[in-house]
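One structure is given below, encoded as structure tokens.
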Amino acid sequence: MNVDGCMVRKPWELSFLAEPQEVAGLRRVVRLHLGFWGLSRQIDTAQLCVSELVSRVIREAGTGAPTSLRLLMSGTSLRIEVRGPSSQLPPPTPGASADMGMVLVEGFADRWGVVAEPEHRVTWCEIGTDLTTSDGHSGGARVTRAEAMLSLYGAVALPQVINGSRLAAAVASDVVVQVIVDLLHWVEAHGYDADDVLDVAQARFDAGL
């Protein structure tokens with residue numbers, strides 16, 4: 001996160017060899033990365049799109065082709081790019097693809113396309129989010145209120161999860177714990193049972209309320 005408490009989502013790229021056994025690992029990486037980015041609602045769709053885009057590289061360029069996966073924000077949408085070698089096969093066309101994999105991508109992503117380069121072909125898709133800005137949060141008012149509270153505890157520079165250090169992440173976690181402890185002291189000071197309050201809070205959190 002940056003000094004304003006926003007989520008910094010810098011473009012991220014991974015190079016690999018396009019092989020069928022790599023797809024499961026790529027799906028796990030995408031899940032972890034989007035979890036760090038606070039885009040858990042987009043994980044399933046992103047995993048499906050990555051699987052199909054990489055599988056297309058294998059079909060077009062062959063097993064073992066040098067390939068790269070890139071995740072970045074395009075406005076408030078998540079953009080996925082898979083870059084592989086150029087192919088003699090014509091590029092797929094949105095709305096007219098006979099490739100079932102790309103039909104799936106078209107069905108789940110908001111839009112997709114192909115960029116032909118001299119030696120490479122980049123197939124991309126974009127998945128909508130519920131963000132209002134590219135560096136915003138998807139937690140709505142609750143996350144906004146929590147960030148305002150954390151700022152009172154001096155947590156002005158909460159860590160950027162992907163590139164931040166483990167120490168920075170630990171500091172941020174300690175701040176959150178301190179907020180919870182202070183609230184429990186307030187609860188006890190006003191005659192309430194802290195365990196009961198925690199149970200209710202956990203139940204509401206689990207229910208998404």
Side-chain angles (χ1 to χ4, degrees), residues 1-16 18 21-54 67-83 105 108-112 122-151 153-180 201-202 204-209:
M1 296 182 184
N2 63 19
V3 294
D4 298 318
C6 295
M7 174 67 70
V8 179
R9 300 181 178 92
K10 294 183 178 180
W12 174 86
E13 187 168 345
L14 175 68
S15 297
F16 59 96
Q21 60 266 32
E22 292 291 331
V23 174
L26 291 170
R27 289 172 63 90
R28 288 193 294 271
V29 169
V30 168
R31 173 174 291 277
L32 289 171
H33 198 85
L34 295 188
F36 287 140
W37 273 7
L39 299 178
S40 58
R41 296 180 183 177
Q42 286 70 42
I43 287 175
D44 290 343
T45 299
Q47 287 181 315
L48 181 147
C49 291
V50 166
S51 296
E52 298 305 331
L53 295 181
V54 173
T67 309
S68 65
L69 167 66
R70 191 167 187 251
L71 304 179
L72 65 156
M73 297 301 297
S74 176
T76 59
S77 294
L78 170 67
R79 183 179 176 98
I80 300 171
E81 297 178 353
V82 173
R83 185 171 184 261
V105 171
F108 284 90
D110 291 346
R111 50 194 168 272
W112 68 275
V122 179
T123 308
W124 60 269
C125 68
E126 293 185 357
I127 302 168
T129 71
D130 55 356
L131 302 175
T132 56
T133 63
S134 61
D135 57 357
H137 288 288
S138 60
R142 284 190 173 90
V143 171
T144 300
R145 291 198 299 266
E147 288 174 350
M149 183 184 299
L150 289 172
S151 69
Y153 281 71
V156 177
L158 290 175
Q160 176 186 338
V161 179
I162 295 300
N163 297 320
S165 67
R166 291 183 179 180
L167 177 60
V171 170
S173 178
D174 286 344
V175 172
V176 173
V177 170
Q178 188 58 54
V179 171
I180 295 172
Q202 184 67 52
R204 291 184 180 181
F205 176 78
D206 292 341
L209 300 177

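Since the structure is predicted, the reported quantities are computational estimates derived from the model, not experimental observations. Numbering of residues begins at 1 and proceeds along the displayed sequence.
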Taking atom types as modelled, find out whether Ser134 and Arg9 have a side-chain donor-acceptor pair closer than 3.5 angstrom.
->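 No - no donor-acceptor pair under 3.5 Å links their side chains.
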
So, using side-chain contact (heavy atoms from CB on, under 4.5 Å) as the criterion, who are the partners of [X] when residues are at least two apart?
{"X": "Asp110", "value": "none"}
{"X": "Arg204", "value": "Val200, Leu209"}
{"X": "Leu71", "value": "Trp12, His33, Leu34, Trp37, Leu69, Ile80"}
{"X": "Gln202", "value": "Phe205, Asp206"}

Hey, could you give me the [atom1]/[atom2] distance between [X] and [Y], rounded to the nearest 0.5 Å?
{"X": "Cys49", "Y": "Trp112", "atom1": "SG", "atom2": "CH2", "answer": "11.0 Å"}
{"X": "Phe108", "Y": "Glu52", "atom1": "CZ", "atom2": "CD", "answer": "9.5 Å"}
{"X": "Leu26", "Y": "Gln21", "atom1": "CG", "atom2": "CD", "answer": "10.5 Å"}
{"X": "Thr76", "Y": "Asp135", "atom1": "OG1", "atom2": "CG", "answer": "11.5 Å"}

So which atom in [X] and which in [Y] form the shortest heavy-atom distance, rounded to 0.1 Å?
{"X": "Arg27", "Y": "Leu48", "value": "NH1-N, 3.7 Å"}
{"X": "Gln42", "Y": "Ile127", "value": "CG-CG2, 3.9 Å"}
{"X": "Val122", "Y": "Glu81", "value": "CG1-CB, 4.0 Å"}
{"X": "Leu78", "Y": "Ala46", "value": "CD2-CB, 4.1 Å"}

Does [X] have any side-chain hydrogen bond (donor to acceptor under 3.5 Å, both in side chains) partners at least two apart in sequence or in another chain, and if so, which?
{"X": "Ser68", "result": "Glu13"}
{"X": "Arg83", "result": "Glu117, His120"}
{"X": "Thr129", "result": "none"}

task: For Arg111, check salt bridge (charged side-chain N to carboxylate O under 4.0 Å, His left out) against everything at least two apart and list the hits.
output: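 Residues passing salt bridge (charged side-chain N to carboxylate O under 4.0 Å, His left out) with Arg111: Glu126.
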
key: salt bridge (charged side-chain N to carboxylate O under 4.0 Å, His left out) involving Glu22 - partner list, sequence neighbours excluded   =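 Glu22: no salt bridge (charged side-chain N to carboxylate O under 4.0 Å, His left out) contacts found.
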
Notebook entry, point to check: Would you say Arg70 and Leu14 make side-chain contact, with heavy atoms under 4.5 Å?
Noted result: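 They are not in contact (no side-chain heavy atoms under 4.5 Å apart), so the answer is no.
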
Exercise for review: Please tell me if the side chains of Val82 and Thr67 come closer than 4.5 Å, counting only heavy atoms from C-beta onward.
Suggested key: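 In contact.
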
